[in-house]
2 protein chains.
Amino acid sequence: MPTVSSEELAAAAGVNSAKLRKDFSYLGSYGTRGVGYDVEYLVYQISRELGLTQDWPVVIVGIGNLGAALANYGGFASRGFRVAALIDADPAMAGRPVAGIPVQHTDELESIIRDNGVSIGVIATPAGAAQQVCDRLVAAGVTSILNFAPTVLSVPDGVDVRKVDLSIELQILAFHEQRKAGEEAAADTAAVPAAPRKQSATDQGPDGDVPAVMPA
Amino acid sequence: MPTVSSEELAAAAGVNSAKLRKDFSYLGSYGTRGVGYDVEYLVYQISRELGLTQDWPVVIVGIGNLGAALANYGGFASRGFRVAALIDADPAMAGRPVAGIPVQHTDELESIIRDNGVSIGVIATPAGAAQQVCDRLVAAGVTSILNFAPTVLSVPDGVDVRKVDLSIELQILAFHEQRKAGEEAAADTAAVPAAPRKQSATDQGPDGDVPAVMPA
DNA sequence: CAATCTTTGTGCACGCGTTCACAAAGACAT
DNA sequence: ATGTCTTTGTGAACGCGTGCACAAAGATTG
Ligand SMILES: NC(=O)c1ccc[n+]([C@@H]2O[C@H](COP(=O)([O-])OP(=O)(O)OC[C@H]3O[C@@H](n4cnc5c(N)ncnc54)[C@H](O)[C@@H]3O)[C@@H](O)[C@H]2O)c1
Ligand SMILES: NC(=O)c1ccc[n+]([C@@H]2O[C@H](COP(=O)([O-])OP(=O)(O)OC[C@H]3O[C@@H](n4cnc5c(N)ncnc54)[C@H](O)[C@@H]3O)[C@@H](O)[C@H]2O)c1
């Protein structure tokens with residue numbers, strides 16, 4: 001029986017072994033003292049806890065540059081996600097296959113969601129259409145949304161939204177980048193305007209990850 | 001002089017006003033008691049602190065489905081990022097313009113980085129090539145990397161890596177999704193195998209955001 | 001100039017996740 | 001069966017970010 005110790009696993013994952021053991025203990029994965037964890041059993045338990053044992057049908061709305069790339073991406077299937085449908089508002093795209101899946105028109109959004117029992121939706125439409133699409137998805141029964149449009153979506157309680165904002169990713173990198181270079185040149189506080197031009201403040205909804213108080 | 005109070009700002013951002021004030025105090029943004037913060041000055045200070053006042057040249061390596069979508073994405077420029085070059089290993093793509101920028105061959109990677117003073121690189125190659133591309137970028141002077149390939153990159157100290165893993169985003173949604181549905185059906189612990197088939201454990205590098213102990 | 005009123009800046013306490021450290025459990029050898 | 005040795009599971013301490021609450025600052029008004 002192949003086993004792994006918490007120490008090995010922790011080293012590989014780059015985390016503390018005690019934390020790893022405590023985390024495992026939360027989901028009831030019992031190891032064997034003096035031996036470690038049964039790899040099989042552990043993998044199964046974690047897979048199950050993470051929801052990887054079942055297949056999740058997802059729909060992608062907005063089959064443009066990004067949406068098409070997502071549709072072509074094979075990495076989803078290997079993690080238990082199945083692209084149930086591709087949806088776009090452009091009538092010219094209807095019926096045209098992308099990644100072997102025919103694009104369907106937005107009119108059919110509701111029926112597609114219901115017929116396939118879809119609970120996860122991906123939004124890759126322009127920012128202007130995102131909230132509207134989101135509302136329709138939610139109304140049709142979707143309760144989890146992955147949003148690529150640079151907009152804060154407002155959803156009712158019970159619906160989860162995760163936003164992937166590539167600009168913010170780059171901003172975070174740029175921030176640290178600036179810090180690296182700015183250490184020695186910290187005295188260069190030359191042209192700091194005392195009173196910049198006027199501009200309005202940003203209103204923004206609550207976000208899980210990033211504070212986000214900056215205007216675009 | 002247009003001003004905003006920490007209370008207004010906090011309400012708009014959905015955070016606690018005390019936290020917001022404390023955060024501002026860290027970057028030395030002095031407000032005026034009884035009045036609030038000068039919007040102009042505040043915007044400028046935060047922009048500067050976040051590195052938004054300068055223009056960052058970035059290169060995208062791997063101009064496939066995703067890379068091309070990124071190149072076409074206009075959201076970067078508006079945040080102060082400029083696509084300095086597109087790089088791909090496929091000779092057939094060399095010279096072909098994507099989003100108005102001619103694709104250059106990997107051979108020129110080093111010179112492109114140096115000539116343009118690029119410090120931020122985006123990797124959108126297949127997973128197998130990611131580490132190799134990363135090494136070359138770092139060797140050429142890149143110190144911040146945004147990685148879309150589903151691989152953990154190992155880099156020397158001083159180099160920042162941010163990984164965007166869309167599968168994990170979906171997994172997080174699926175996890176919560178399962179929890180929503182699993183409340184009532186919690187008793188369905190029927191077919192739990194006591195000893196699954198054998199399989200190897202995953203080794204994985206340290207990650208900032210997600211524990212990531214699961215195999216693909 | 002004094003009184004009042006608004007809003008900042010921050011000391012302090014609370015809560016939570018992480019880490020340490022160790023007793024107990026169990027495998028394995030003798 | 002007994003002893004040894006490895007590794008788990010977890011109580012307790014630590015550190016850190018968040019939120020509360022309030023004194024001080026400064027604008028504004030009479
Ligand atoms: N391309 C990128 O790399 C990238 C990166 C980050 C964010 N984004 C964001 O992702 C979104 C899509 O980007 P893109 O480059 O694919 O844009 P795109 O213009 O290429 O594609 C948008 C697609 O959405 C469709 N669409 C428009 N309104 C719709 C609606 N109401 N219902 C359904 N479909 C609709 C359009 O027909 C089009 O096919 C944008 O919001 C963009 O800001 C893109
Ligand atoms: N498409 C998606 O939506 C998506 C989503 C998540 C992650 N990813 C990941 O992003 C990466 C790219 O995805 P894709 O769909 O664009 O793949 P793709 O196959 O369409 O594009 C890959 C590109 O990289 C180029 N390339 C290969 N080796 C290279 C090298 N050594 N140097 C420079 N260029 C090289 C290829 O010529 C090709 O143009 C993959 O790792 C994929 O797993 C993609």
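Order of the sequence lines fixes the chain letters, A, B, ..., with proteins taken first and strands second; residue numbering starts at 1 for each chain.
Under the 3.5 Å distance criterion, the side-chain polar atoms of A/S167 are matched with a main-chain donor or acceptor of B/G75. A/K163 places no side-chain N or O within donor-acceptor distance of the main-chain N or O of A/L146, the cut-off being under 3.5 Å. Although no hydrogens or angles enter the test, the distance criterion places a donor-acceptor pair under 3.5 Å between the side chain of B/E8 and the main chain of B/S5. For the pair B/S144 (side chain) and B/I120 (backbone), a donor-acceptor distance under 3.5 Å is absent. Counting only distance, with no hydrogens or angles, the side chain of B/Q131 and the backbone of B/S154 share a donor-acceptor pair below 3.5 Å.
In this structure, A/E7 atom CD and D/dG9 atom P are separated by 14 Å, rounded to whole Å. Here the P atom of nucleotide C/dG26 and the CE atom of A/M1 are 13 Å apart, to the nearest Å. If you measure from atom CZ of A/F24 to atom C1' of C/dG17, you get 17 Å, rounded to the nearest angstrom. The CG-P distance, from A/L20 to C/dC20, rounds to 14 Å in whole Å.
Atom CD1 in A/I60 sits 5.5 Å away from atom CG in A/L86 (nearest 0.5 Å).
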> Are A/L153 and A/I145 close enough, and set up right, to give a side chain to side chain contact (heavy atoms under 4.5 Å, CB included), and what steps lead you there?
Replying inline: CA-CA 10 Å; A/L153 298 176; A/I145 291 175; 4.1 Å; yes
> How far apart are the C-alpha atoms of B/R162 and A/L173, what are their side-chain angles, what is the distance that settles it, and do they pass the side chain to side chain contact (heavy atoms under 4.5 Å, CB included) test?
Replying inline: CA-CA 8 Å; B/R162 288 191 68 87; A/L173 286 174; 3.9 Å; yes
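Between A/S6 and D/dT8 there is a side-chain N or O to OP1 or OP2 distance below 4.0 Å. Contact annotation: B/Y37 side-chain N/O to C/dG9 OP1/OP2 distance is under 4.0 Å. Listed pair A/S5 / D/dT7 fails the phosphate criterion, with no side-chain N or O lying under 4.0 Å from OP1 or OP2.
In this structure, B/S17 reaches neither bases nor backbone, as no heavy-atom distance under 4.0 Å exists between it and the strands shown.
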> Base, backbone or nothing for each nucleotide of nucleotides 23-30 of chain D, written B, S, -, heavy atoms under 4.0 angstrom, 5' to 3'?
Replying inline: -BB-S---
Please write out each protein N/O paired with an N/O of nucleotides 16-20 of chain D under 3.5 Å, distance rounded to 0.1 Å.
| from | atom 1 | to | atom 2 | distance (Å) |
| --- | --- | --- | --- | --- |
| D/dT18 | OP2 | B/K19 | NZ | 3.0 |
| D/dG19 | O6 | B/K22 | NZ | 2.7 |
| D/dC20 | OP2 | B/N16 | ND2 | 3.0 |

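Between A/Y44 and A/Y41, the ring center distance fails the sub-6.0 Å criterion.
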